[in-house]
There are 2 protein chains.
Amino acid sequence: MVTIKKIAELCGVSRGTVDRVLNGRGRVKPETAEAVMNMVKQLGYKPNPAGKALAARRHRPIVGVILNSEGNAFFDEIIRGIETAESRYQIYGMKLTMRRMKGYDVEAQLALIDELESIHVSGLIISPINDTRIAEAINALVDKGVFVVNVNNDVQNCRRQCYVGSDYTNGGETACALLQLLRGQTAKIGVVTGSRQAWGHELRLEGFQRRMEKVPGFSILATAVNKDDEIRSYEETKKMLEEHPDIDSLFIVAGGVYGACRAVVSLKKEKDLTIVAFDSTPTTVDMMKQGVLKTIIYQHPYQQGYRAMDLAFQYLVNDQKPERERYILKNEIKLLENL
Amino acid sequence: MVTIKKIAELCGVSRGTVDRVLNGRGRVKPETAEAVMNMVKQLGYKPNPAGKALAARRHRPIVGVILNSEGNAFFDEIIRGIETAESRYQIYGMKLTMRRMKGYDVEAQLALIDELESIHVSGLIISPINDTRIAEAINALVDKGVFVVNVNNDVQNCRRQCYVGSDYTNGGETACALLQLLRGQTAKIGVVTGSRQAWGHELRLEGFQRRMEKVPGFSILATAVNKDDEIRSYEETKKMLEEHPDIDSLFIVAGGVYGACRAVVSLKKEKDLTIVAFDSTPTTVDMMKQGVLKTIIYQHPYQQGYRAMDLAFQYLVNDQKPERERYILKNEIKLLENL
DNA sequence: TTGTAAGCGTTATCAT
DNA sequence: ATGATAACGCTTACAA
């Protein structure tokens with residue numbers, strides 16, 4: 001097993017010097033540094049995380065979490081994943097501080113980012129709103145050396161180290177393929193969409209429409225916008241269904257599943273409509289139990305949270321950079337039976 | 001942060017004494033032990049895995065793996081999961097030794113267990129054959145203090161510490177529910193089953209049949225046995241389909257998916273038959289691309305392997321017992337789009 | 001029965 | 001620019 005000590009001995013220098021070389025702390029003669037690096041490569045030295053973790057206990061890294069999860073049950077599982085990982089890693093000296101907010105209020109999210117910056121977090125896990133100012137704020141943090149993971153949503157032009165979440169385009173494609181499986185070659189589709197400020201929702205719709213090109217008998221008759229609000233979802237869906245009585249399929253792009261389903265039930269259309277929706281929140285599961293929804297698409301929210309924390313741990317405590325920039329969880333299809 | 005040192009100081013004893021109490025090494029006066037234990041509970045002491053890992057580097061634990069994976073592509077992903085976890089944990093001093101075998105040869109598996117026992121593995125990850133002698137061999141290892149995880153298959157009357165795998169009964173139920181979703185209320189089903197020596201296969205069929213009770217229009221017309229062999233699967237399926245031309249659905253319980261599908265194609269029945277099968281091995285994915293299979297059920301094989309190693313790591317290196325006895329991965333439904 | 005001290009690998013501080 | 005040393009939390013051989 002190759003350790004710093006061994007490298008030091010073989011190079012005829014001290015452990016301190018090797019450490020300085022390995023971590024680029026400077027104050028080392030270039031030739032010495034080169035000799036050390038050669039030895040490191042030759043022996044394939046890998047730092048021991050246990051040693052690192054132990055030594056790192058002096059300056060306990062603190063990870064900030066910002067989620068627009070208030071009033072959105074989908075995030076409950078993400079939070080559970082984050083907290084599970086935290087309880088596993090806190091013994092290594094990692095601390096967690098969580099901030100929750102509601103909806104897509106850019107100012108509010110910027111304020112939270114500021115707040116965490118002032119606490120000097122060394123890592124940030126955030127479900128960012130898709131807005132240039134957010135991207136800029138994140139970039140500023142990254143430039144200051146903070147390790148940033150975007151979770152569940154990503155932002156354009158953002159230099160975060162990692163994105164952890166689902167492939168939204170693929171989610172839309174999968175939704176369309178599923179609808180085809182359930183209905184055959186024809187469907188008159190009503191779309192219920194959420195917010196433009198979630199990039200993912202746009203991508204999902206794009207994916208759905210792209211996949212539709214393979215099925216000439218599929219057509220979108222109308223679109224309702226619910227802004228992820230259940231009441232609004234109920235009303236807009238109802239209106240859409242009344243105005244377009246020949247709609248036989250519903251594609252619910254994001255939140256507001258319960259409201260949309262209630263609208264379907266209130267019109268007594270639950271037997272005639274094929275509905276494709278996302279995420280197994282309790283109210284959605286309720287609708288599955290009632291048979292209104294036969295199937296949903298699931299994005300491993302628990303895994304998303306756990307993975308995000310794990311990446312922060314590996315980086316901040318073990319000093320291991322993420323292997324990839326994007327960690328994509330699969331879109332899964334769920335029936336009541338395999339929830 | 002509460003450490004052994006702090007406990008020792010507060011109790012007015014030495015660190016060595018606390019260590020002896022915590023790890024039940026004896027040679028401690030009962031009253032001292034009690035005082036220490038009280039303090040430990042009061043402060044909620046948790047050992048620091050980094051410290052443990054570091055100190056444990058003298059006696060590197062070795063984990064043995066036995067898989068009947070030869071010629072069964074399903075195990076490839078399990079192995080990838082095991083190896084990924086190993087590469088992450090080897091720096092903590094954990095070593096891995098893998099033995100592969102083919103099929104359900106009890107004697108062969110017993111011999112491999114013996115072999116690993118003679119190497120003095122401290123952990124064993126095994127996909128056990130469902131046989132009493134195997135159960136007994138595993139029990140003997142457990143009694144000797146080996147940490148045993150059954151992966152993918154479980155055995156009756158076996159005292160392994162953990163089972164990691166899917167819920168087979170639920171897999172059968174899900175398969176039936178899926179078939180109902182695809183075909184509506186009636187189906188004339190042909191069953192293609194694998195081996196009686198895999199407990200899981202039995203359970204899946206049970207689950208399928210139980211779920212069938214909810215659908216009066218479903219009936220099983222015939223059953224073919226393929227012993228997980230592709231050639232046999234081809235022949236038996238073909239024979240079954242010829243003898244029962246009114247079969248409109250195929251439930252493939254385990255291996256031999258490719259052979260069964262080839263039989264379907266050779267009879268030009270791929271347009272008429274609805275097939276439900278398990279696992280996304282390359283040949284199965286091929287059949288999905290050809291449109292013979294529209295959908296399969298997936299059991300997170302990579303996760304199974306990773307989780308099994310993780311449990312061994314937590315136990316052997318960090319001295320943390322598993323929280324549960326069974327780690328069940330969900331049965332997922334896959335289309336070509338979300339593979 | 002209990003305490004002491006060294007060691008696991010890395011990092012930080014201080015001295016040179 | 002480099003080295004020596006202590007510290008992180010835990011285990012263990014040895015001393016008392």
Side-chain angles (χ1 to χ4, degrees), chain A residues 1-37 39-40 43-61 89-94 122 314 316-320, chain B residues 1-36 40 43-61 89-94 122 314 316-320:
Chain A
M1 195 90 288
V2 38
T3 69
I4 285 191
K5 191 176 164 188
K6 186 172 284 175
I7 304 256
E9 283 165 4
L10 290 172
C11 291
V13 298
S14 75
R15 305 207 292 268
T17 303
V18 177
D19 177 65
R20 280 188 287 269
V21 173
L22 284 171
N23 298 289
R25 302 188 212 282
R27 298 181 304 160
V28 176
K29 212 199 304 181
E31 306 109 69
T32 319
E34 203 186 316
V36 169
M37 282 314 290
M39 189 58 73
V40 162
L43 302 190
Y45 165 80
K46 296 265 183 254
N48 181 328
K52 288 212 168 210
L54 214 43
R57 294 216 39 169
R58 289 118 171 220
H59 48 271
R60 317 158 105 288
Y89 295 141
Q90 69 179 355
I91 199 70
Y92 290 93
M94 213 169 58
S122 24
Q314 296 289 354
L316 297 173
V317 178
N318 286 351
D319 202 25
Q320 296 194 336
Chain B
M1 195 91 284
V2 38
T3 68
I4 285 192
K5 191 176 165 190
K6 186 171 282 176
I7 304 254
E9 284 165 5
L10 290 171
C11 290
V13 298
S14 76
R15 307 206 292 266
T17 303
V18 176
D19 176 67
R20 282 188 286 270
V21 173
L22 284 171
N23 298 291
R25 303 189 212 282
R27 299 180 303 157
V28 176
K29 209 197 306 178
E31 307 113 66
T32 320
E34 203 185 315
V36 169
V40 162
L43 301 190
Y45 165 80
K46 296 263 183 254
N48 181 329
K52 287 212 167 209
L54 217 41
R57 295 218 34 175
R58 287 118 173 222
H59 48 270
R60 316 157 109 285
Y89 294 141
Q90 69 180 356
I91 199 70
Y92 290 91
M94 214 170 59
S122 25
Q314 296 290 352
L316 297 172
V317 177
N318 287 350
D319 202 25
Q320 297 193 336

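So that the names make sense, note that chain A is the first sequence line, chain B the second, and so on, each numbered from 1. On a predicted model such as this, the values are computed, not experimentally measured, just so you know. Both backbone and side-chain heavy atoms feed into the values below; hydrogens, waters and symmetry mates do not.
- Phosphate contact (OP1/OP2 of D:dT11, side-chain N/O of B:K52, threshold under 4.0 Å): present.
- Considering all non-hydrogen atoms of both residues, A:A53 and B:A50 come closest at CB-CB, 3.7 Å.
- A straight line from CD1 of B:I7 to C1' of D:dT11 spans 16 Å, rounded to a whole angstrom.
- Taking atom OH on A:Y45 and atom C1' on C:dG9, their separation rounds to 7 Å, with Å as the unit.
- For C:dT2, neither phosphate oxygen OP1 nor OP2 lies less than 4.0 angstrom from any side-chain nitrogen or oxygen of B:T17.
- The minimum heavy-atom distance between A:L316 and A:S122, with the atom names listed, is CD2-O, 3.5 Å.
- Rounded to whole Å, the distance from NZ on A:K6 to C1' on C:dG7 is 15 Å.
- Between A:G16 and B:K5, it is A:G16 whose nearest contact on DNA chain D lies nearer the 5' terminus.
- Between the P atom of D:dT2 and the CD atom of A:E34 lies a distance of 13 Å, rounded to the nearest Å.
- An end-to-end axis angle of 50° holds for the helix from C:dT1-D:dA16 to C:dT16-D:dA1, taken from five base pairs per end and rounded to 10°.
- Every residue meeting the side chain to side chain contact (heavy atoms under 4.5 Å, CB included) condition with A:Q320, not counting sequence neighbours, appears here in chain and number order: A:Q314, A:N318.
- Between B:K46 and D:dG9 there is no side-chain N or O to OP1 or OP2 distance below 4.0 Å.
- A search for side chain to side chain contact (heavy atoms under 4.5 Å, CB included) contacts involving B:A33 returns B:V21, B:V28, not counting sequence neighbours.
- Two residues are said to be in side-chain contact when any heavy atoms from C-beta on lie closer than 4.5 Å; B:P49 and B:V317 fail this criterion.
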Please tabulate, for the side chains in residues 1-11 of chain B, all donor-acceptor contacts under 3.5 angstrom to protein atoms that are two or more places apart in sequence or on a different chain.
from: B:T3; atom 1: OG1; to: B:K5; atom 2: N; distance (Å): 3.3
from: B:T3; atom 1: OG1; to: B:K6; atom 2: N; distance (Å): 3.2
from: B:K6; atom 1: NZ; to: B:M1; atom 2: O; distance (Å): 3.1

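- When rounded to the nearest whole Å, the span between CG of B:L54 and P of D:dT11 equals 11 Å.
- Distance B:I4 CD1 to C:dT4 P: 16 Å, rounded to the nearest Å.
- For B:P47, the side chain to side chain contact (heavy atoms under 4.5 Å, CB included) partners at least two apart in sequence or on another chain are B:Y45, B:K52.
- Not counting sequence neighbours, the partners of B:R25 by the side chain to side chain contact (heavy atoms under 4.5 Å, CB included) test are B:D19, B:R20, B:N23.
- When heavy atoms are screened at a 4.0 angstrom cut-off, B:D19 is found touching base atoms of the nucleic acid.
- Residue order along DNA chain D, read from the 5' end via each residue's closest nucleotide, puts A:V13 first among A:V13 and B:V2.
- Sorted by residue number, the members of residues 21-33 of chain A with any non-hydrogen atom under 4.0 Å from DNA chain C read A:N23, A:R25.
- Separating the CZ atom of A:R15 from the P atom of C:dA12 is a distance of 14 Å, rounded to the nearest angstrom.
- In this structure, the CZ atom of B:R20 is 10 Å from the C1' atom of C:dT4, given to the nearest Å.
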